[in-house]
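What follows is one structure encoded as structure tokens, with my remarks underneath.
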Amino acid sequence: MSTYPPKFPSQHEWTRDRLGRHDFKPNAKFSGPANSYLLQCNQHEEQHSIALDPPVNQSVAAILLGDGHEAKLWPLTKRRSAAAIPIAAKYRLVDAVMSNCINSNITKIYALTQYNSTSLNSHLSKAYTSAGLGKDGFVEVIAAYQSPDNHNWFQGDADAVRRCLWELEDYPITEFIILPGHHLYAMDYQKLIQSHRVNKADVTISALASTNNQDKGFGILQVNSENRVLQLIQEIETTSPKEKEDESLDPSSLKFASMGIYVVNKDVMIRMLREYLPGANDFRTEVIPGIISLGLKVPIYLQINIFYFDTESPMYTMPRCLPPSRVTDVVITDSVIGEGCLLNEDMDHRSTQGMQMTVPIGIGEGSFIRKAIIDKNARIGKRVMIINKDNVEEGSREADGYCINEGIVILLKGAIIPDDTIL
């Protein structure tokens with residue numbers, strides 16, 4: 001009978017028993033400032049064309065996590081998961097991660113969904129049935145479920161993966177790449193996988209070059225001079241005695257922001273979730289720290305540049321048969337307009353208009369909107385001023401159809417704002 005927390009085997013016991021991988025060859029040394037370290041750590045990133053053996057479309061499966069309601073994105077996640085939030089007039093957040101997989105030649109994709117997943121499940125099933133995935137590619141959407149031997153729903157991202165291992169083991173792959181489904185970025189995962197294989201790592205964590213102005217939600221990685229993760233720090237506001245002790249043990253260590261993206265060897269994933277951490281529910285707070293504590297080889301891959309999607313790395317979504325937008329007597333500056341919109345006698349400045357939006361039907365005549373997010377199917381009356389007149393940083397008025405987060409007014413889905421309202 002398994003107990004939790006488990007009694008970890010010693011580093012020697014694990015190393016001896018993990019398919020003969022006994023070596024540890026550092027791929028980077030600190031030799032000066034952090035920029036020098038970054039260049040050495042990602043020395044293979046300069047290659048324009050990546051030829052991996054075996055190819056990633058045959059040997060790597062992506063696990064896309066649609067977990068959690070992501071409190072920072074409330075109230076946009078009130079009726080949908082974070083990955084299903086609409087962006088840029090025609091896309092959803094999950095499209096960025098799915099497009100990264102397709103552009104990186106990763107065509108075996110499992111989407112494990114949990115929170116408010118109806119909209120996300122529908123979008124993934126309709127948008128990525130087969131297009132761009134090749135003959136053997138697929139997108140398998142697995143919603144949270146109960147089973148005869150487990151009456152609970154998924155208890156976290158690690159628990160979701162554990163409960164789905166019976167499905168994930170079907171194909172003869174060598175690595176899993178674990179991806180949060182609600183991040184907006186463009187990235188070539190082949191370079192991350194190449195770094196993982198060159199280092200002969202058990203787990204590779206993708207990290208950002210600086211912890212400044214970055215989301216610390218996935219923790220801070222303390223990395224030594226051999227590019228080996230010493231610990232994953234959950235809270236950076238305070239420094240615990242253990243963290244101070246680790247810093248004193250290796251004064252040359254640096255800290256990097258984790259992106260929550262992990263490449264994990266298939267055998268390591270199965271053994272960690274089934275044998276050594278059978279009760280762990282979360283990758284960030286339980287599984288990754290457990291792997292580090294066992295002494296497995298966990299380097300980082302530094303993503304120096306977050307680039308944008310373009311014609312060479314397109315962003316995919318569900319195709320829609322809509323006519324071009326029609327614009328009449330409208331001044332538009334720094335804006336994005338979706339398909340099928342009708343804009344008449346209006347002025348748009350630095351805005352995004354979603355698909356099939358008609359002005360002034362959705363937005364009343366004489367209204368002024370500044371620094372706001374308007375969710376789907378909201379109706380704004382005439383002469384409405386949405387300007388955050390009291391300069392509120394945080395506020396919840398859901399009964400009135402809006403919230404304020406970090407000074408940004410967010411109108412809820414289906415909200416109705418009466419004429420002459422000033423927010």
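In this chain, numbering begins with 1 at the start of the sequence shown.
- When ring centroids are compared, Phe176 and Tyr262 stay outside the 6.0 Å threshold.
- Taking Lys78 as the reference, Glu398 meet the salt bridge (Lys or Arg N to Asp or Glu O under 4.0 Å) condition, with sequence neighbours excluded.
- Side-chain N or O atoms of Asn103 include one that pairs as donor or acceptor with a backbone N or O of Pro314 at under 3.5 Å.
- Paired with Glu339 under the rule salt bridge (charged side-chain N to carboxylate O under 4.0 Å, His left out), one option of Arg326, Arg320, Lys90 passes, and it is Lys90.
- One N or O on the side chain of Asp282 and one on the backbone of Thr285 form a donor-acceptor pair closer than 3.5 Å.
- With sequence neighbours left out, the side-chain hydrogen bond (donor to acceptor under 3.5 Å, both in side chains) criterion links Ser119 to Arg92.
- Using a 4.0 Å cut-off between charged side-chain N and carboxylate O, Arg271 and Asp202 make no salt bridge.
- Side chain of Asn100 to main chain of Met187: a donor-acceptor pair is present (N/O by atom type, distance under 3.5 Å, no hydrogens or angles).
- For Asp420, the side chain to side chain contact (heavy atoms under 4.5 Å, CB included) partners two or more places apart in sequence, or in a different chain, are Arg383.
- A donor-acceptor pair under 3.5 Å links the side-chain atoms of Asp188 to the main chain of Gln190, judged by distance alone.
- The number of heavy-atom neighbours closer than 6.0 Å to CD1 of Ile416, taken from other residues, nucleotides and ligands shown, is 12 or below.
- For Ser59, the side chain to side chain contact (heavy atoms under 4.5 Å, CB included) partners at least two apart in sequence or on another chain are Pro54, Thr174, Glu175, Arg197.
- Considering only residues two or more places apart in sequence or on other chains, Thr311 meets the side-chain hydrogen bond (donor to acceptor under 3.5 Å, both in side chains) condition with none of them.
- Relative to the six-membered ring of Tyr301, Lys191 misses at least one condition, a distance below 6.0 Å or an angle of at most 45° to the axis.
- Partners of Asp159 according to the salt bridge (Lys or Arg N to Asp or Glu O under 4.0 Å) rule, which considers only residues two or more places apart in sequence or in another chain, are Arg162, Arg163.
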